[in-house]
Amino acid sequence: MPPPSPRLKLCSVFRTYRINDQKLNALQDISLSAEAGTVTALLGRSGCGKSTLLNLAGAMDFPSSGEVLIEGRSTSSLNEADLTALRRTRIGFVFQFFQLLPTLTVLENVELPLLLSGAANAAQTARDRLQWVGLEDRATSLPHQLSGGQMQRVAVARALVQSPDILIADEPTGNLDTGSGDLVLNLISRSAREFGAAVLMATHSAEAASIAQVRVRMRDGRIEDIERSRN
Amino acid sequence: MRSLISLFRTLIVRPLKRDRLRTALTVASMALGVAVVIAIDLAGDAAVGSFQSSLTTIVGKTDLEIVANGGVDEQWVGRLAQLPLNAHFAPGLERQAEIQGSGFVTVYAADFVAEAAGNISSSAAGPADWEHAVVVSETVANRLHIQKDSAITVQGHAFRVLDIAPAKTEFVALDIAAAQRLFNDYKKLDRIDVFLTAHEDITRAERSIRAALPAGFEVNRPGTRSDENQRMLRAFRWNLRVLSYISLVVGAFLIYNTISVSVVRRRPEIGILRALGVSRFGVFWLFLAEALLIGIAGSALGIAVGRLMASGIVVLIAQTINSLYTSSRPSEIALTGESVAVAMTAGTLVAFLSAAGPARAAMRVAPTEAMGRGSRETAVRLQYRRNLILAAALAIAGFAASTLKPVDGKPIFGYAAALLAIGAGALAAPALVLGVVRSLRPLLRKAFGAEGLLAGRSLTASLGRTSVVVAALATAIAMMASVGIMVGSFRETVMVWLDTQLRADIYIRAAGPAGAGQYPALPPQTSCLIAAVKGVAAVDTFHGFEFRYQGQRAILGAGNMEIVKQYGGLRFLSGDSNTILSSLPNHDRAIVSEPFANKHDVRVGEQLALNLGERQVHVTVAGIYYEYSSERGYVVLDRSTLLKYLPGQPATNIAVYVEPGAESGAVQRRIQNATAGLPILVAPNQLLRREGVRIFDRTFAITYALEGVAIIVAMLGAANALLALVLDRRRELGLLRYLGAASLQLRRMILVEAALLGLLSNILGLVLGLALSFLLIFVINKQSFGWTIQFHPPYGLLAAALSLVWFVTVLAGIYPARVAARLNPIEVIHEE
Ligand SMILES: Nc1ncnc2c1ncn2[C@@H]1O[C@H](COP(=O)(O)OP(=O)(O)OP(=O)(O)O)[C@@H](O)[C@H]1O
Ligand SMILES: [Mg+2]
């Protein structure tokens, strides 16, 4: 069996912000890879650079030096059209504050990425994903008619609607109680198993970290320690 | 108080500064609205100019003036001098005369012999020279480079400059005897000026002069003419003024929009402030202060811009006044403290009123409240049914108002109806937005995919805001469409009228500048000379002059009704034209034009009391005819009737009918040869027709300009509102990028929204515009000017204008679309 090739690879990545001539190293010398079917958790104190790293990994932001490789291609070398195509087909995002569009129904929210990329069979695929997260009966509801946990499940369905290679989740349970958080975490680990996604998740919670096979501890923009477990 | 000011700084001024472009757009639209108002006011004042006779600068101020329809016989000067009064009576005559090499100038006649002892320096000139002496005003002297004792040729006769009068207007004054010789005038004066000595009591003098004069004469205080002119121009200026307020109304919607946005955005902050102990009124004033800030800045800028615009349009207004009402020379544009105050007040008041609603909403935010936009927008959605019912009520009230009579000649209720219609339109906007967007949803999604879906949803989601923008744009469009329909219909009506009215082949009048109320006399021999020309079938001689009827001026005319009947094309409101025209000769009967009949509420069969010369004559109205050249109106008699009461009243116009088969160009040349050397103008039919159309188009040019400004203001509003929509949905737009939207797609989405806004506004604007055009044509215009206008919408023009507006609305979306595409998704997604 050939070693699993990493879906995502960060090679000595630096990300520097410049605020009024002051340099701030949000990320320093980060090297990391995420494989298909695994959940990687990013842990660390607030401000240590987790969200920054996720944005780089999602091709929404670019390193000041070093490289972010998705499917073997450096994100810095891609043009706008390639990047859009990459985000559409390879990457799904889940956010702490759900970020559903309040004017669209649940189904339309899930369908949206497919509509944006002009994919065929959008409605059916979206329905399938809704069913997968167990909310098919809420398809025509509006987001504000759902609970926080339900909204986050819709968000997970939306992130998975394109069957992405990489799923990026920034504190997906940060705004949820334990019960709904567990439901969402269960969906996230299933997405790695059933869709083969490489999941990259930033979190403060030990429960969330417990579903990960790889736990990356960060401090002041550096990786302090990587812990792998088989579970 | 101090804390409120610092709150104002952080909560209001800082965001205004941060949203610099949006602030600029709002201030600019406000400024344009105010600019138009002040420009029309200033230009109107200047165009009306000084009716005051420049003669006062050389002979002093008159105390009374004596006038009569058809002129005052000069023998009255001598007769009045016999009265036991400490007064001096001077003949007054005012004409346009040609100065060789420099066109026409106003000529005043004065009794130089009598004045010699007075203001005019007698210098070296001996009494024998009076008949060849002129006094010219400084402006004429400077323009023609003449000095004292220079030679000058007036109306073909040589004169010598006796003196130069220090006056800022152009005129030439000459002796009364010389003037009468120059203008073939028959012992008639325009008026007699009365100067009282210091000890004479004016009331006593007025009474005894009055008693000495025949019934047909009037004795007026100076300024009466000026007042009359102002009154005559009132309807015209009123309408212009109302039009000028359109842009301000459109601006009001935009202020409302801006303040609403600012309240909605800062709701959480307001909640916090209230929790921290800021009073409800503190919050209310905070937001009103924002509106006032915008209002004051906009007004100040508007005044400056308006002053500039005024110089551009004063000529246009002056020309219209000259061709439709009376001759006046535009005076300098004067930016008075009063007009600045009016503009400032108007601008600030509009800002204040339009912000009061949103500011009250801000006041009502509960201290505990820190909720988002969503719930507020649902409130609007729930109210749309109630608004629709209110809209229907306003529409019914408007219809009722439109059936009421004018007040003091002003179509007050017509304007009220227009305002009610606009209100109804604004209230119907939410229902329209919901209805149209909902029914377009499948189509939008099919045509534009995700962008179409999102665009439609976001417009209905922010229904309150969308409705305000649609209402503002629709109001501007409705104004444009209605005025377009009115002017188009009017133009068509006038065209048809010109075709039936101008039946003669060749028209003749005395040389001189054309202007309303100016009927210079033709040389007496003209008519006979023309009648003898080969190829002339008939000659209709017209005697026209300005006269007073019940304190207002109109035109009295007399023609040969037999010829009019045979060749002319008068159309009457009712009755058979042949019967009506046949009843005029040798009877005290008259026909009157429609505006005259409407203005004085005259009906067929009624008697008019006309002052003709020294007598008062009662004539019966035989018919009312369609006429569109004069708003003041005509009373027309048969020649025989006029000459019976005013023998020697000079002919002023001649209409020549050419024999069938004769070539009218050739006849015109023969007429020109036969009358060579006479100071007359000979014009073919087509020229008059063209001139009529030209005057018409010039009259309404300013209307179109005002429309244009209103549309520009609305466009600024559309751009502003779209920008607000973009900025308020930053998070959502950022999210779309995370979900794989290309920046082009965001751009498209905003443009689709702009196009939808344009479409909605066009629909509402067109419906409202039709309603307003009915009001304009059948109520407002009819009541102001007395014209019957046939309904002839200029379809092509209308379609083009609406498409243009739509196109420009989409253009207005380009910048906001760019802003949307350029947002940094990482930054915006983590906001809030
Ligand atoms: N756009 C930016 N400009 C400047 N500095 C930034 C920017 N974004 C992030 N930073 C800084 O980079 C550092 C890392 O921020 P980041 O958001 O990645 O932290 P985080 O680990 O996600 O924190 P949290 O757990 O609170 O979400 C912080 O010090 C932050 O202030
Ligand atoms: Mg973070």
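In this text, all values refer to a predicted model and were calculated from it rather than measured experimentally. Within every chain, numbering begins at 1; the chains are lettered A, B, ... in the order of the sequence lines, protein sequences first and strands thereafter.
With B:I826 as the partner, the side chain to side chain contact (heavy atoms under 4.5 Å, CB included) test is satisfied by one option alone out of A:T52, A:L54, A:N55: A:N55.
Rounded to the nearest 0.5 Å, atoms CG (A:L101) and CZ (B:R457) are 10.5 Å apart. The structure places CD of A:Q99 at 10.0 Å from CD of B:E732, a figure rounded to the nearest 0.5 Å.
Other residues, nucleotides and ligands place more than 12 heavy atoms under 6.0 Å from the CZ atom of A:F98. Around atom CD of A:Q22, no more than 12 heavy atoms belonging to other residues, nucleotides or ligands sit under 6.0 Å away. More than 12 heavy atoms of other residues, nucleotides or ligands shown are found within 6.0 angstrom of CZ on A:R190.
For A:E108, the part lying near chain B is the side chain, with the backbone staying farther off; criterion is any non-hydrogen pair under 4.5 Å. No part of A:Q162 comes within reach of chain B, as not one of its non-hydrogen atoms sits under 4.5 angstrom from that chain.
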Q) Could you go step by step and tell me if A:L104 and B:L454 meet the side-chain contact (heavy atoms from CB on, under 4.5 Å) rule? A) CA-CA 8 Å; A:L104 300 189; B:L454 291 166; 3.7 Å; yes
Q. Can you list the steps and then say if B:Y738 with A:R87 is a side-chain contact (heavy atoms from CB on, under 4.5 Å)?
A. CA-CA 7 Å; B:Y738 273 90; A:R87 287 176 204 139; over 6 Å; no
Side-chain donor-acceptor distances from residues 744-758 of chain B under 3.5 Å, at least two apart:
{"unit_1": "B:Q745", "atom_1": "OE1", "unit_2": "A:R88", "atom_2": "NH2", "d": "2.6"}
{"unit_1": "B:Q745", "atom_1": "OE1", "unit_2": "B:A742", "atom_2": "N", "d": "2.8"}
{"unit_1": "B:Q745", "atom_1": "NE2", "unit_2": "A:L116", "atom_2": "O", "d": "2.7"}
{"unit_1": "B:R748", "atom_1": "NE", "unit_2": "B:E451", "atom_2": "OE2", "d": "3.1"}
{"unit_1": "B:R748", "atom_1": "NH2", "unit_2": "B:E451", "atom_2": "OE2", "d": "2.7"}
{"unit_1": "B:E753", "atom_1": "OE1", "unit_2": "B:S458", "atom_2": "OG", "d": "3.4"}
{"unit_1": "B:E753", "atom_1": "OE1", "unit_2": "B:R729", "atom_2": "NH1", "d": "3.1"}
{"unit_1": "B:E753", "atom_1": "OE2", "unit_2": "B:S458", "atom_2": "OG", "d": "2.8"}
{"unit_1": "B:E753", "atom_1": "OE2", "unit_2": "B:R729", "atom_2": "NH1", "d": "3.3"}
{"unit_1": "B:E753", "atom_1": "OE2", "unit_2": "B:R729", "atom_2": "NH2", "d": "2.9"}

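Put simply, the side chain of B:L735 does not reach to within 4.5 Å of the side chain of A:F93, judged on heavy atoms.
Nearest approach of B:A450 to A:L115, heavy atoms of both residues: CB-CB, 3.6 Å.
For the set B:A741, B:S743, B:G740, the entry with the most heavy-atom pairs within less than 4.5 Å of chain A is B:G740. Top candidate by heavy-atom pairs under 4.5 Å with chain A, chosen from B:L739, B:L736, B:L453, is B:L739.
Salt-bridge formation is detected for the pair A:E111/B:R445: a Lys NZ or Arg NE/NH1/NH2 atom is positioned less than 4.0 Å from an Asp or Glu carboxylate oxygen.
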